[in-house]
J.: 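Right, I'll just put the structure down here and ask away after.
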Amino acid sequence: MKITFLGHASLLIETADKKLIVDPFISANEKAKHIDLASLKADYVLLTHAHQDHILDAETLAKNNGAKIISNYEIVTHYGAKGLGGHPMNHGGKWDFDFGRLHYVNAIHSSSFPDGSYGGNPGGFILQSEGKNIYIAGDTALNYNMKIWGEQFDFDLVILPMGDNFTMGYEEAAVATQWLRCKKAMGVHFDTFGYIEIDHEAAIKCFKNKRIELLLLNIGEQISL
Ligand code: NI
Ligand code: MN
């Protein structure tokens, strides 16, 4: 499985034959100008919640590729009204897709659409595919559910927000990684704008002190699992 960081909390996840894009916020990200939205391919678009910095390019990607939107019931219904296909989920539920098993889990955050309308409850995803288990937290605070998921799943990678202010910061993300019983974390939701700038060296050191590897990828950089 390959994971490419597309900036902010946006990811491209590639399994052997499917492409998943998570929380696309590319066209308005000054730091992701070198990512060409029009050339991105996707079979599915996964949305953790309805905030603008997570859904901005979802409609374009879904239309360009005929991709299915996977999110909570309210978000999928919102895009369904625009003629886009989707698969609705809610907290605690799982479904076997053609790319693997996906669980939609709760997050501590909010989830309104840019116009203020209701975007359901915010969430994250646990992806089980090709023998790997990955937690994609979405925007969230540190919370004790992570401890339960750490008992329930054997994680190969956890993808956590760590820019602070709107989500947990890197100190809390390091604790989250311990609670999730994982040895490798990837940071998202940092440096995009002023409120969420972080000191990379301090963050990496904070994780290293807990014997956890922290990946802070450059935008466009890819890792293999
Ligand atoms: Ni948010
Ligand atoms: Mn956000």
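Counting convention: from 1, in listed order, for ligands and their atoms alike.
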J.: So which heavy atom on Phe207 is nearest to which on Ala185, and how close?
T.: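 Smallest interatomic distance, heavy atoms only, reads CE2-CB, 3.7 Å.
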J.: N/O/S atom of Asp53 under 2.8 Å from the Mn ion (ligand 2), yes or no?
T.: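 Under 2.8 Å: Asp53 contacts the Mn ion (ligand 2) through an N, O or S atom.
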J.: Taking all atoms of both residues into account, what is the closest heavy-atom pair of Ile35 and Gly220, and its distance?
T.: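 Taking every non-hydrogen atom into account, CD1-CA, 3.9 Å.
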J.: Taking the inter-plane angle between the rings of His87 and Trp95 on a 0 to 90° scale, is it parallel (under 30°), tilted (30 to 60°) or perpendicular (over 60°)?
T.: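 Tilted: the ring planes of His87 and Trp95 meet at 30° to 60°.
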J.: Counting C-beta onward and ignoring hydrogens, is there a side-chain heavy-atom pair between Val175 and Lys210 closer than 4.5 Å?
T.: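 A side-chain contact exists here, since the closest heavy-atom pair is under 4.5 Å.
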J.: Met146 pairs by side chain to side chain contact (heavy atoms under 4.5 Å, CB included) with which of Val158, Val105, Leu180, Thr177?
T.: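 Exactly one candidate clears the test, Leu180.
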J.: Is His109 close enough to the Mn ion (ligand 2) that one of its N, O or S atoms comes in under 2.8 Å?
T.: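 So His109 does not bind the Mn ion (ligand 2) by this criterion.
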J.: Tell me which N, O or S atom from Asp139 is the closest to the Mn ion (ligand 2).
T.: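 Within Asp139, restricted to N, O or S, the Mn ion (ligand 2) is closest to atom OD2.
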J.: Under 2.8 Å from the Ni ion (ligand 1), can any N, O or S atom of Asp139 be found?
T.: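 Of the N, O and S atoms in Asp139, at least one lies under 2.8 Å from the Ni ion (ligand 1), which means yes.
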J.: Of all N/O/S atoms in His54, which lies nearest to the Mn ion (ligand 2)?
T.: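 The Mn ion (ligand 2) is closest to the His54 atom NE2, counting only N, O or S.
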J.: Mind checking whether the Ni ion (ligand 1) has an N, O or S of His51 under 2.8 Å?
T.: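 Yes, since at least one N, O or S atom of His51 sits under 2.8 Å from the Ni ion (ligand 1).
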J.: Can you give the angle His109 NE2 - the Ni ion (ligand 1) - His49 NE2, rounded to 10°?
T.: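 Computed angle, vertex at the Ni ion (ligand 1), rounded to 10 degrees: 100°.
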J.: With a 4.5 Å limit on heavy-atom distance, are the side chains of Thr140 and Thr167 in contact?
T.: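 No, their side chains stay 4.5 Å or more apart.
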J.: Within the stated cut-off of 2.8 Å, is an N/O/S atom of His189 closer than that to the Mn ion (ligand 2)?
T.: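 Here the distance criterion (N, O or S atom, under 2.8 Å) is met by His189, so yes.
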